[in-house]
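Please read the structure below before turning to the comments.
Just follow the structure's listing: the first ligand is 1, and inside any ligand the first atom is 1.
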Amino acid sequence: MCGIIGYVGNRRAAEVLIEGLKRLEYRGYDSVGVAIANAGTIEVRKDKGMIEFVSAQLDFISIDGHIGIGHTRWATHGAPCKENAHPHASLDNKVILAHNGVIENFTQLKNDLKTKGHTFRSETDSEVIAHQIAEHVNSMPPLKAFLKTLNELEGSYGIAAIFADDKDEQIFVARRNSPLVLGIGKGEMFCASDIPAMLKYTKTFVPLEDGDIAVLSANGYKVYTLDGSETKRKQITVDWNVEMAQKGGYPYFMLKEINDQRHFINETIASDVVVAKKLIEESERIDIVACGTSYHAGLMFSYLLQQRGKSAQAFIASDYPFIVKPNQKTLVVTLTQSGETADVLQAVRYAKKSGCKLIAITNVVGSTITNIADNVVYLNTGPEVGVAATKTFTAQLAIIYKIIFGKEKISSLSDLFAQMMEKENEVKQIAAQLKEKQNLFFIGRGISVPIAYEGSLKLKEISYIHSEAYPGGELKHGTLSLIENGVPVIVLAPTDDTLPKLFGNLKEAKTRGALIISLTNDEKTKAESNFYIELPILDPDLYPFAMVIILQLLAYHVSVLKGINPDRPRNLAKSVTVE
Ligand code: M6R
């Protein structure tokens, strides 16, 4: 998973590329580079490291020119280092490109090129594309050479390429299973892996579709399909502003996004679920596929549907094809905030082959999933930049609740979120108790279980503390052997019908010396807890929303207290575009 930005127009390209790369860094940040064309030559500067550091070290801003491309990388082929950083050049430095995705037949292409005398500077699959285009461009115009190369590639790509000898000053872009959006300005054009990278300059965009190629110049753009015929794609305008995609005064995106939940939830609630609801009501069997946090929302969906007598099950997307044989009567629902998760895309493509109808619940307009699904429900929660999903999770829950219960049930979520945010200082004190711990457990029952899973994932993802979550009844079937003096057990204990049994599980852990931290509004539970966060008295169906805000804050504060940047946890990327 990487980020691409491209610019052609009257501005200094370096400025636009640096700005765009900063916005794209959440997509990967192990190395970064730019290539800017000027008077027949292309200057490439790149290195291992993050944009702020590398651009200062290599003085990106001093490069003159009005057309260029930039890339922030998350390694897939070859370690993070200067040689493997993008942009990559052909042997003669005449073709330069940035690539996202994975070229599956790159070894074969590379071997063929070697027999023609090509030598390579990097271990990447991406460099091979530049060499391959250069092979063709000697005997045909750039667009034809670009097209011919794309037709020879197997795998996924988002590509932006420039040619040193191109007097028309054009950027050639393409997408297949890797996002690429065009940004339209006045006398200037942009391209990037996502919209926030271009928001400072324009609000008008063209999301490309899989198999599209586009040629951008200062005067506009043309879109082609892989066979070379010209086509048209829909322009969209978004009302996000740059502020919405930036930190807005918070130290980290994650904290901003936790706070944002109260501001955006009403826009989520306004989202149109009419078609989705009807499809769900009419379906005999519903398979929900998703990954990570989105899977936890999917699990909640399946619980609520099952409680209503529906045949519904949530599956981890990467395993779905190994477990299920869907048929035409199966309705598949996917939750994916990015709309680009490779595991999700392969699962839904598999389902679509069997004739299933697909509903996608996503946050990203123009993402790949929106081109595959029969019906799309948008989260409308603005861009989420922090790697840890927060506001998109509560937005997913809100959409699920709107489908199941209707809008009235969730009309006061904004106030509830504001009320829960007032607990931040108390949560911080509990975080201080946890920051030195090695192992931690979350328990809940019923609809609190997906929230326990989510609290545990959030904590381990950004604090690097080992944690596990269970339905409370499961502790005694094995995990209780891990409970000893001082091991924290976080108990999700709202006053609903799960409480009497969950209280027994709390006692089992406490007897073994566990440090009990509960989220509760029950006096008996408070009395048994070492620490607790008071929950308001709510409609029992709404406790998941209240508890997840606390658990997001808890993970955030443990992370910050440990000196970790919660926006960029190690080894993880915001959207996971490899299987
Ligand atoms: O974009 P998606 O919702 O499909 O992403 C799925 C997971 O990769 C994602 O939820 C991941 O688990 C988050 N980083 C968790 O905070």
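Short contacts between ligand 1 and K458, defined as distances under 4.0 Å to a heavy atom of the residue, involve ligand atoms 15 (C), 16 (O). Against a heavy-atom cut-off of under 4.0 Å, S294 is close to the following atoms of ligand 1: 2 (P), 3 (O), 10 (O). Annotation for ligand 1: atoms under 4.0 Å from non-hydrogen atoms of A388 are 16 (O).
Ring geometry for Y556 against Y252 counts as perpendicular: the plane angle is over 60°, on a 0 to 90° scale with 30° as the lower cut. The aromatic rings of F545 and F417 sit tilted relative to each other, their planes meeting at an angle between 30° and 60°.
Within the 4.0 Å heavy-atom criterion, neither part of E340 lies near ligand 1.
In this structure, atom 7 (C) of ligand 1 lies nearest to the protein heavy atom C291 O, 3.7 Å. Closest to atom 10 (O) of ligand 1 among all protein heavy atoms lies T293 N, 3.1 Å. In this structure, the protein non-hydrogen atom closest to atom 1 (O) of ligand 1 is S338 OG, 2.6 Å. Nearest non-hydrogen protein atom to atom 4 (O) of ligand 1 is T341 OG1, 2.5 Å.
Here's the thing with E461: one of its N/O atoms is less than 3.5 angstrom from an N/O atom of ligand 1. Looking at ligand 1, you'll find an N or O of A389 within less than 3.5 Å of one of its N or O atoms. Between V576 and ligand 1, not a single N/O pair is under 3.5 Å apart.
Between Y470 and F442, the ring centre distance reaches or exceeds 6.0 Å.
Nearest heavy atom pair, residue I465 against residue N439, reads CG2-N, 4.2 Å.
Within a 6.0 Å radius of NZ in K428, no more than 12 heavy atoms belonging to other residues, nucleotides or ligands are found. Around atom NZ of K357, no more than 12 heavy atoms belonging to other residues, nucleotides or ligands sit under 6.0 Å away.
Residue H557 is tested with Q552, K435, E424, Q429 for a side chain to side chain donor-acceptor pair (under 3.5 Å); the sole match is E424.
With hydrogens and angles left out, the side-chain atoms of T293 and E454 include a donor and acceptor closer than 3.5 Å.
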